[in-house]
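All remarks here apply to the structure that follows.
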Amino acid sequence: MNKFKTYWKIACLTGAVVLMFAACRHRYEDPTPLDIAIPYGFPSRLNIPDDNPMTVEGVELGRALFHDPHLCGYTGTNPDSLMSCASCHDRAHNYDLGPDNPRLVNGRPVGRTGKATHHNAMPLMNLVFNHEGYSWNGSICPQNVKGRQSIEDIVLMAIEADDELCSTKARTLAALRADSKYPEMFGKAFGSEEITMERVQKAIAQYVRSLVSGNSKFDRYLQGKEQLTPQELHGYILFTTEEGADCFHCHGSEGSPLFTTNLFYNNGLDNVFIDPQDRYSFTGHDADHGAYRAPSLRNVAVSAPYMHDGRFQTLDEVLNFYNQGLQPSPYVSPLMHHINDGGILLTPSEIADLKAFLNTLTDEEFLE
Ligand code: HEC
Ligand code: HEC
């Protein structure tokens with residue numbers, strides 16, 4: 001009888017130890033808070049929601065998910081049925097499409113099923129400094145009545161949209177749960193190994209917010225670390241003067257180093273406005289016909305194709321448009337001071353200087 005009691009005690013103790021080990025195995029430390037390194041001269045006000053603080057482990061997980069070809073809900077290896085965010089937002093191209101992307105058809109990306117997106121893709125860079133709304137028309141913002149307000153919301157939209165990843169929550173979650181690396185990564189980022197769509201959205205949004213570009217030749221010039229060539233300097237002067245190329249009102253300069261105001265303008269591309277997803281479609285303000293968010297010109301040399309509809313394949317085409325292709329209409333932004341001349345009317349050598357300056361905005365470190 002006594003012997004039996006001892007066995008029973010030993011069995012209980014062993015059981016307790018096993019249970020303790022099991023519990024320990026699933027306990028994770030709190031993730032490490034991540035402070036975004038704000039580049040020289042950049043604004044310090046960041047757009048980070050209170051319920052999704054940046055962490056080292058969250059960004060690490062987000063990076064893996066952003067590039068995971070199974071994010072579209074397929075577990076096979078056939079490249080034609082695989083797609084991730086990186087299929088359209090390619091790091092080497094400023095997280096934009098880039099001119100040679102196999103997904104690029106007629107200036108616009110096609111989603112997993114071959115359906116084209118309504119607009120050209122956008123670069124994903126310095127979005128943590130943008131407080132004016134996301135997407136070309138800025139409709140992803142706190143005023144969106146359909147609840148599409150944040151980068152977290154964009155993640156789910158991209159996963160479900162029939163012109164993007166064309167998946168469902170259930171399919172994508174099943175594909176991610178089939179990958180043995182994720183439980184631990186979710187554990188480290190969120191405290192437990194559970195893989196939920198809310199966590200997928202949060203992690204990818206953290207990764208997107210971590211994409212900060214501020215180390216171009218031009219930045220090093222502002223800090224006195226590198227010199228611009230006379231041609232680049234002349235291009236810079238043209239960029240920032242009204243009688244020159246007059247670009248700075250909308251695309252910023254050293255005073256607003258994001259190289260965009262992140263605001264919305266009609267820059268004279270067209271004189272008939274039929275796009276059902278321009279800025280007007282969101283605000284209903286007459287002045288917003290044909291208006292879109294001014295893209296940042298950082299890394300612009302590698303972000304082709306250009307404009308909301310991808311109509312220009314090269315920077316030369318863009319500069320040719322601003323030089324002599326402006327279309328007058330009642331909706332052109334009053335900041336397009338040269339509209340009545342049809343363009344800024346620079347000489348070919350001045351245009352070459354302006355282009356040389358734009359090329360100094362490339363941040364090789366960011367694109368690597
Ligand atoms: C098929 C190509 C495609 C895929 C795949 C794709 N996107 Fe996009 N993305 C776009 C297009 C096109 C836009 C511009 C939408 C618009 O404004 O009409 C965009 C815009 C965005 C924006 C807004 C950027 C800004 O400056 O406002 C974010 C953020 C974004 N995408 C993140 C993602 C994430 C995260 C994923 C993966 C879950 C993803 N995208 C997958 C094509 C794509
Ligand atoms: C009135 C504001 C305004 C001015 C001034 C202006 N732009 Fe723009 N720019 C925009 C807007 C808005 C867009 C996006 C338009 C669209 O897609 O329909 C844009 C788009 C661009 C693009 C394409 C970027 C991309 O990623 O697709 C480039 C390059 C560009 N502008 C360069 C310039 C240069 C160079 C100048 C000076 C010669 C200039 N802009 C003057 C507002 C402006």
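Ligands are counted one by one from 1 in listed order, and the atoms in each one are counted from 1 as well.
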For Ala245, the ligand 2 atoms whose distance to one of its heavy atoms is below 4.0 Å = 37 (C), 38 (C)
For ligand 2, which atoms have a heavy atom of Met336 less than 4.0 angstrom away?
-> 1 (C), 3 (C), 4 (C), 5 (C)
Closest heavy-atom approach to atom 15 (C) of ligand 1 among Phe66, Trp136, Tyr134 is made by Trp136
Of all the non-hydrogen atoms in the protein, which one sits nearest to atom 38 (C) of ligand 1, and at what distance?
-> Cys85 SG, 2.6 Å
Aromatic ring proximity Phe248/Phe239, centre distance under 6.0 Å = no
For Asp246, the ligand 2 atoms whose distance to one of its heavy atoms is below 4.0 Å = 5 (C)
Just by distance, with hydrogens left out, do His308 and Asn120 show a side-chain donor and acceptor under 3.5 Å apart?
-> no
Looking only at protein heavy atoms, identify the closest one to atom 27 (O) of ligand 2 and say how far it is in Å.
-> Met307 N, 2.8 Å
In terms of atom number and element, which parts of ligand 1 are under 4.0 angstrom from non-hydrogen atoms of Leu127?
-> 24 (C), 25 (C), 26 (O), 29 (C)
Roughly how far, to the nearest 0.5 Å, is CG of Asn267 from CG of Leu326?
-> 8.0 Å
Could you tell me whether His89 and Tyr95 have their ring centroids closer than 6.0 angstrom?
-> no
Which bit of Arg293 is near ligand 1, meaning a heavy atom under 4.0 Å away: side chain, backbone, both or neither?
-> side chain
Select one of side chain, backbone, both or neither to describe which atoms of His249 lie under 4.0 Å from any atom of ligand 2, heavy atoms only.
-> neither
Classify the contact between Arg108 and ligand 1 as side chain, backbone, both or neither, using a heavy-atom distance cut-off of under 4.0 Å.
-> neither
For Met83, take its heavy atoms, then give the atoms of ligand 1 lying under 4.0 Å from any of them.
-> 1 (C), 5 (C)
With heavy atoms under 4.0 Å as the rule, classify the contact between Ser87 and ligand 1 as side chain, backbone, both or neither.
-> neither
Numbered in order shown, the ligand 2 atoms found under 4.0 Å of a heavy atom of Ile344 are 38 (C)
List the closest protein heavy-atom neighbour of atom 18 (O) of ligand 1: residue, atom name, distance to the nearest 0.1 Å.
-> His119 ND1, 2.8 Å
min-distance protein heavy atom vs atom 17 (O) of ligand 2 -> His308 N, 2.6 Å
Identified side-chain contact (heavy atoms from CB on, under 4.5 Å) partner of Asn52 from the options Arg199, Gln201, Glu198, Gln206 | Gln206
Nearest to atom 8 (Fe) of ligand 2, which N, O or S atom of His251 do we find?
-> NE2
Proximity of Leu297 to ligand 2 by residue part, where a heavy atom lies under 4.0 Å | side chain
Glu164 N/O under 3.5 Å from ligand 1 N/O | yes
What's the verdict on side chain to side chain donor-acceptor pair (under 3.5 Å) for Gln324 and Asn320, showing C-alpha distance, side-chain angles and the deciding distance?
-> CA-CA 6 Å; Gln324 48 191 11; Asn320 193 40; 3.0 Å; yes
Centroid-centroid distance, Phe42 to Phe129, less than 6.0 Å = yes
For atom 9 (N) of ligand 2, state which one of Tyr265, Tyr322, Tyr292 supplies the nearest heavy atom.
-> Tyr322
Quick check: does any side chain N or O of Asn323 sit under 3.5 Å from a backbone N or O of Leu319, one acting as donor and the other as acceptor?
-> no
Answer side chain, backbone, both or neither: which part of Ser333 comes under 4.0 Å from ligand 2, heavy atoms only.
-> side chain
Per atom 2 (C) of ligand 1, closest listed option by heavy atom (Cys88, Pro123, Ala121) | Cys88
Between Gln231 and Asp353, do the side chains contain an N or O donor and an N or O acceptor separated by less than 3.5 Å?
-> yes
Ligand 2 atoms nearer than 4.0 angstrom to some heavy atom of Cys250 are 1 (C), 2 (C), 3 (C), 4 (C), 5 (C), 42 (C), 43 (C)
Arg112 side chain to Leu165 main-chain N or O, any donor-acceptor pair under 3.5 Å?
-> yes
So the atoms of ligand 2 within less than 4.0 Å of a heavy atom of Leu269 turn out to be 16 (C), 18 (O)
In terms of atom number and element, which parts of ligand 1 are under 4.0 angstrom from non-hydrogen atoms of Ile204?
-> 35 (C)
Between Asn120 and ligand 2, find which residue part has any heavy-atom pair under 4.0 Å and reply side chain, backbone, both or neither.
-> neither
Sub-4.0 Å atoms of ligand 2 with respect to non-hydrogen atoms of Leu319 = 35 (C)
Provide the number and element of each atom of ligand 1 under 4.0 Å from a heavy atom of Ser84.
-> 5 (C)
Ranked by distance from atom 36 (C) of ligand 2, the top protein heavy atom is Cys247 SG, 2.8 Å
Per atom 29 (C) of ligand 1, closest listed option by heavy atom (Val155, Thr172, Asp309, Leu124) = Leu124
Counting from 1, what ligand 2 atoms have a heavy atom of Val318 closer than 4.0 Å?
-> 28 (C), 29 (C)
Got the closest protein heavy atom to atom 24 (C) of ligand 2, with its distance?
-> Pro295 CG, 3.6 Å
Keeping the roles fixed (side chain from Arg279, backbone from Asn137), state whether a donor-acceptor pair exists under 3.5 Å.
-> yes
Cation-pi, Phe366 ring and Arg91 (6.0 angstrom, 45 degrees) | yes
Enter the distance from Ile48:CD1 to Ser150:OG here, rounded to the nearest 0.5 Å.
-> 13.0 Å
Go through the steps for Lys188 and Glu57 under the test salt bridge (Lys or Arg N to Asp or Glu O under 4.0 Å), then give the verdict.
-> CA-CA 6 Å; Lys188 285 183 174 165; Glu57 295 80 1; over 6 Å; no
Hey, is there an N, O or S on His89 sitting under 2.8 Å from atom 8 (Fe) of ligand 1?
-> yes
Count the heavy atoms belonging to other residues, nucleotides or ligands that lie under 6.0 Å from CD of Gln223, then report whether that count exceeds 12.
-> yes
With distance as the sole criterion, is a donor-acceptor pair present between the side chains of Glu164 and Thr117 under 3.5 Å?
-> no
If you count the atoms of ligand 1 from 1 in the order shown, which ones are under 4.0 Å from a heavy atom of Asp163?
-> 1 (C)
Relative to Tyr207, does Arg63 satisfy both conditions: NZ or CZ under 6.0 angstrom from the six-membered ring centre, and within 45 degrees of the ring's axis?
-> no
Measure centre to centre between the rings of Tyr331 and Phe273, then say whether the value is under 6.0 Å.
-> yes
Sort out for me which residue in Asp163, Asp275, Asp309 forms a side-chain hydrogen bond (donor to acceptor under 3.5 Å, both in side chains) with His118.
-> Asp275
